[in-house]
Protein chains: 2
Amino acid sequence: MARRTQEQRKAETRARLIDAAAELFATKGFHAVSAEAVADAADRTTGALYSHFGGKEGLLLALLDVWKERTAAQLSDEVASAPDPGTHFAAMWGSITRPAADRGDSWLLLEVELWLHGARDAQVGSPLARRYAEVRQQLGEGLDQWAEVTGTRLPRTPYETGGLVLGVLLGCALQHRLDPGAVPEQLVVDGLSSLLGLRTPCDVHDPSAPVPPRPTKGKRS
Amino acid sequence: MARRTQEQRKAETRARLIDAAAELFATKGFHAVSAEAVADAADRTTGALYSHFGGKEGLLLALLDVWKERTAAQLSDEVASAPDPGTHFAAMWGSITRPAADRGDSWLLLEVELWLHGARDAQVGSPLARRYAEVRQQLGEGLDQWAEVTGTRLPRTPYETGGLVLGVLLGCALQHRLDPGAVPEQLVVDGLSSLLGLRTPCDVHDPSAPVPPRPTKGKRS
DNA sequence: GTCTATATTTCGATAGAC
DNA sequence: GTCTATCGAAATATAGAC
């Protein structure tokens, strides 16, 4: 009874191949990685890969499925455990930019790699678009519920809010990856707060204020 | 005197190869395109390609240079010719999402393709990071000057502002590409206005207002 | 179900003619 | 400076043993 069944062995091989593919596709790129390299990294052979997924393309699609579930679960956890949007934003930003234990620092790379394939191939793009829609929805609903609890009101629908928040996070993460100093966490959290109408109102653009002390910490004059 | 000099022919071949590379790298991806395919599309041969750029990698670096200049020039034009931030944002959003005559609809694809290579290879990443910094700077300065003229004041430094604006544009463009309906132009322009503190203040999150008519045009409940 | 070995194709890069 | 021809390397995918 200690011996693993075929089912278990099959599932493990699948998982090993998908994990290896996630790592390699992210760090090197789909077309730059051979099927054999993926199989080697998973301690299997190309034969097993073809048996399970029919080829590299099939492996990519399977990876997309797993990726969907993982990120959805992670998002739910984060939304549920945040006391307020500020820390929520900081947590999300951290999970995007900080390298995590289970997924190196390649999360963003794989995300962009998948996006590129989705933009070029509808077979990948269609499920990917659904996933983005779900993220917008979950993100927006979470923020909307928080707003309701605290008596504030979002200036946009939850879905629209989710789109803008996701946009800021993605766009800033892209810049952060190439130049971390250019996009500090505080700036992102601050920008997201502005977007949700949570900032100190009415005083930032009052023309009558004589000389509002101008922040000067940004790069370059 | 009507005959072209060697210099001109050389320059034309360079340009043809770079243009073909831009198109193919964007639509198929760098590793998915053979050097021969690029040469064929440019009506030249691999021999000419290797003579000019030393290989596919060299061609990518040369393309990055040209790309830098082109986008910088385009950005300057747009900033200079916009009467106010609203139309400025709309124009930029259009130039990102709408397919243009000279560059198909592959602008964003090539941008992301280059980003991926930059994130993986410092030789590409370094000049790319510089370009992003310049874009943030130019974008921020343009908006700051506009703010000064109209008597308003940006809530952040120009450079920070440029980073957030660029982030929103990029992040929303990524979503838009997979699902155009999910991120309409108005939402992006509206979000950018919020970010700059240009929106109707003080009324969007007033808890005393009885029932601020909730917009409902977003997808999904 | 997985592995070894291999067939077939395609790519990157070069050598030499023009 | 460009083209033709080609070499060696590497990739995908398969066939058959275990």
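Proteins get letters first, then strands, A, B, ... in listed order; numbering begins at 1 in each.
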If you only use heavy atoms from C-beta on, which nucleotide in [options] is closest to the side chain of [X]?
X	options	result
A:Thr45	D:dT2, D:dA11, C:dC3	C:dC3
B:Thr46	D:dA5, C:dG12, C:dA5	D:dA5
A:Tyr50	D:dA13, C:dG1, D:dT2	D:dA13
A:Ser34	D:dT12, C:dG1, D:dT14	D:dT12

In this structure, how many angstroms lie between the [atom2] atom of [N] and the [atom1] atom of [X], rounded?
X	N	atom1	atom2	value
A:Lys28	D:dA11	NZ	P	11 Å
A:Phe53	D:dT12	CZ	P	15 Å
A:Glu36	C:dT4	CD	C1'	11 Å
A:Gln8	C:dG1	CD	C1'	15 Å

Nearest heavy-atom contact between A:Leu174 and A:Leu108 is N-CD2, 4.2 Å
With no hydrogens and no angle check, just 3.5 Å: does a side-chain donor-acceptor pair link B:Asp84 and B:Thr87?
yes
Table of protein N/O atoms under 3.5 Å from nucleotides 16-18 of chain D N/O atoms:
none

Under 4.0 Å between any heavy atoms, over every strand shown, what does B:Val33 touch: base, sugar-phosphate, or nothing? Just pick one. sugar-phosphate
